[in-house]
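Chain letters run A, B, ... following the sequence lines, proteins first and then strands; every chain starts at 1.
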2 protein chains.
Amino acid sequence: MSLRFALLGLLNERPASGYDLTRRFAQGIGSYAWDAKHSQIYPELKKLTEAGLIEIAEEGARGRKTYAITADGRAQLRQWLLTPAGNAGVRNEYVLRLFLLSALRRDEARTILEHTIEYSTEQLQAITQDFQDSVADGGPTRGHGALAAQYGIRVFQATIDWAHWAIEQIDADPGFGHGADGCATAPTR
Amino acid sequence: MSLRFALLGLLNERPASGYDLTRRFAQGIGSYAWDAKHSQIYPELKKLTEAGLIEIAEEGARGRKTYAITADGRAQLRQWLLTPAGNAGVRNEYVLRLFLLSALRRDEARTILEHTIEYSTEQLQAITQDFQDSVADGGPTRGHGALAAQYGIRVFQATIDWAHWAIEQIDADPGFGHGADGCATAPTR
DNA sequence: CAGAACATGTAAACGGTTACATGATTCC
DNA sequence: GGAATCATGTAACCGTTTACATGTTCTG
């Protein structure tokens with residue numbers, strides 16, 4: 001059900017085609033909120049159109065269809081947002097990997113954490129850059145743009161800080177890596 | 001594929017039954033890394049056993065089966081962790097909702113952000129409490145326990161800080177809520 | 001004119017959720 | 001003895017991914 005509202009939310013900001021929406025999922029929103037592929041987006045846009053929540057605002061070159069949210073769609077989006085939702089099914093493979101670090105040897109875990117710092121730093125810079133580009137283009141400095149960008153910045157910064165701290169921890173911990181292959185402290189059974 | 005490694009990872013820490021694993025998903029790990037229900041966990045444990053990656057270490061009362069990871073399973077887990085993974089399909093409905101706040105009126109968005117602060121504060125306290133309980137019980141203060149708990153603490157704290165900042169932003173922004181129902185700045189077409 | 005990017009769609013296979021279903025043990 | 005908790009499983013449905021499939025427009 002969330003995909004439907006993710007699409008309504010993006011279309012509420014401004015009209016877009018399936019192609020546009022696919023790229024937006026592949027970029028920012030897909031990295032920390034919700035991901036979707038074009039093969040899921042196109043059929044969903046069709047359903048939303050049939051339900052009257054969005055409409056084709058314009059048909060352009062190459063079969064391009066620009067969709068816009070309708071009053072009905074906006075009402076449903078608002079209703080969904082105003083309905084409280086307990087923390088539903090989170091899925092983040094990257095974070096899962098961070099959780100399982102104790103299965104690695106100290107040096108391996110350190111390498112992964114260093115990659116995490118590198119990766120998160122890149123993401124941080126990408127968000128900052130995107131945001132500044134959007135400001136320069138006269139794009140939305142308010143609403144979605146600024147709030148979401150700032151959220152991403154803070155979460156990635158927290159991840160970087162955590163990874164630095166985690167490296168210190170594993171370096172200081174003599175028992176780290178007990179679950180690693182071929183280590184004497186890990187009996188097979 | 002990730003569920004498989006999530007299970008191997010948890011079993012690498014210590015042997016557990018399907019029931020134990022279900023509870024651990026419902027608690028910490030399910031809130032910020034990976035979620036799964038018992039109906040998915042039990043069949044997966046069966047498959048992992050058939051593949052020789054885990055084994056039944058003990059059969060107890062009420063049909064309880066305690067599974068333990070095998071050397072093979074540990075090797076596969078380690079291999080997976082050491083294989084770099086670009087940020088794969090993230091899904092977090094709670095964060096998605098935060099992204100779409102600009103569809104609401106200022107006062108509504110503020111309410112949601114206040115709920116976010118409240119909720120994240122509770123989560124923060126729950127993690128801190130769980131972690132302290134686990135230390136008091138002589139549980140693992142190393143590996144998974146400490147690193148994961150600290151990660152959760154930092155991410156929830158970042159969310160709280162962001163929400164405070166976001167409330168200030170929307171209060172200061174005269175254009176906020178342009179996408180809300182019945183607002184003059186949002187023409188239907 | 002070739003290759004990249006734009007643009008949309010479908011189908012099979014897989015993963016995940018909800019609901020159904022059952023029974024044992026413990027606690028009060 | 002009844003309720004809560006422990007404990008495991010299956011099936012139908014729905015959401016998601018991967019792979020297949022096609023054609024257009026722009027850029028160099």
Side-chain angles (χ1 to χ4, degrees), chain A residues 1-8 10-11 15-27 29-31 33-51 54-67 80 85-93 96, chain B residues 1-8 10-11 15-27 29-31 33-51 54-67 80 85-93 96:
Chain A
M1 210 60 324
S2 292
L3 173 64
R4 155 164 303 215
F5 295 107
L7 292 171
L8 286 175
L10 291 174
L11 290 175
S17 69
Y19 190 79
D20 297 335
L21 293 164
T22 303
R23 277 190 314 180
R24 288 175 74 187
F25 274 105
Q27 288 166 12
I29 198 170
S31 310
W34 203 268
D35 199 13
K37 320 275 171 185
H38 80 276
S39 54
Q40 206 186 352
I41 291 168
Y42 287 113
E44 190 66 37
L45 288 172
K46 206 175 176 182
K47 278 189 225 164
L48 284 166
T49 307
E50 281 159 15
I54 62 175
E55 61 189 2
I56 298 174
E58 194 192 329
E59 299 204 43
R62 281 171 283 197
R64 180 188 169 94
K65 291 175 217 164
T66 304
Y67 292 91
W80 181 73
N87 208 48
V90 168
R91 200 157 303 137
N92 189 333
E93 187 186 311
L96 174 63
Chain B
M1 210 61 325
S2 292
L3 173 64
R4 157 163 302 210
F5 295 107
L7 292 171
L8 285 175
L10 292 174
L11 290 175
S17 67
Y19 189 80
D20 296 336
L21 293 164
T22 302
R23 278 189 312 177
R24 287 174 74 187
F25 275 104
Q27 288 165 13
I29 198 170
S31 310
W34 203 268
D35 199 14
K37 320 274 169 181
H38 81 275
S39 53
Q40 205 186 353
I41 292 167
Y42 287 112
E44 190 65 37
L45 288 171
K46 206 175 178 183
K47 280 188 223 164
L48 284 166
T49 307
E50 279 158 16
I54 62 175
E55 61 189 2
I56 297 173
E58 195 192 328
E59 300 204 41
R62 281 171 284 198
R64 179 187 171 94
K65 292 175 217 164
T66 305
Y67 292 91
W80 180 74
N87 209 46
V90 167
R91 199 155 300 138
N92 190 332
E93 187 186 310
L96 174 62

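Across its full length, the helix from C/dC1-D/dG28 to C/dC28-D/dG1 shows an angle of 40° between the axes of its 5 terminal pairs at either end, rounded to 10 degrees.
Between the CD atom of B/E93 and the C1' atom of C/dT17 there is a distance of 13 Å, rounded to whole Å. Per the geometry, CD belonging to A/E44 stands 10 Å off C1' belonging to D/dG15, to the nearest Å.
Under the ring pair (Phe, Tyr, Trp, His ring centres under 6.0 Å) criterion, A/F25 pairs with no residue, sequence neighbours left out. Checked against salt bridge (charged side-chain N to carboxylate O under 4.0 Å, His left out), B/K47 has the following partners two or more places apart in sequence or in another chain: B/E44. Listed by chain and number, the residues in a salt bridge (charged side-chain N to carboxylate O under 4.0 Å, His left out) with A/R62 amount to none (sequence neighbours excluded). For A/F5, the ring pair (Phe, Tyr, Trp, His ring centres under 6.0 Å) partners at least two apart in sequence or on another chain are A/W80.
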Reading nucleotides 6-16 of chain C from 5' to 3' and marking B where a protein heavy atom lies under 4.0 Å of the base, S where only the sugar-phosphate is that close, and - otherwise, the string is BBBBBB----S
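B/R4 is listed as a side-chain neighbour of B/L48, based on a closest heavy-atom distance under 4.5 Å. Using a 4.5 Å heavy-atom cutoff, the side chains of A/Y67 and A/E55 are not in contact. A 4.5 Å side-chain heavy-atom check between A/L21 and A/L45 finds at least one atom pair inside the cut-off.
Salt bridge status for A/R64 with A/D20: present, with a side-chain N to carboxylate O gap under 4.0 Å.
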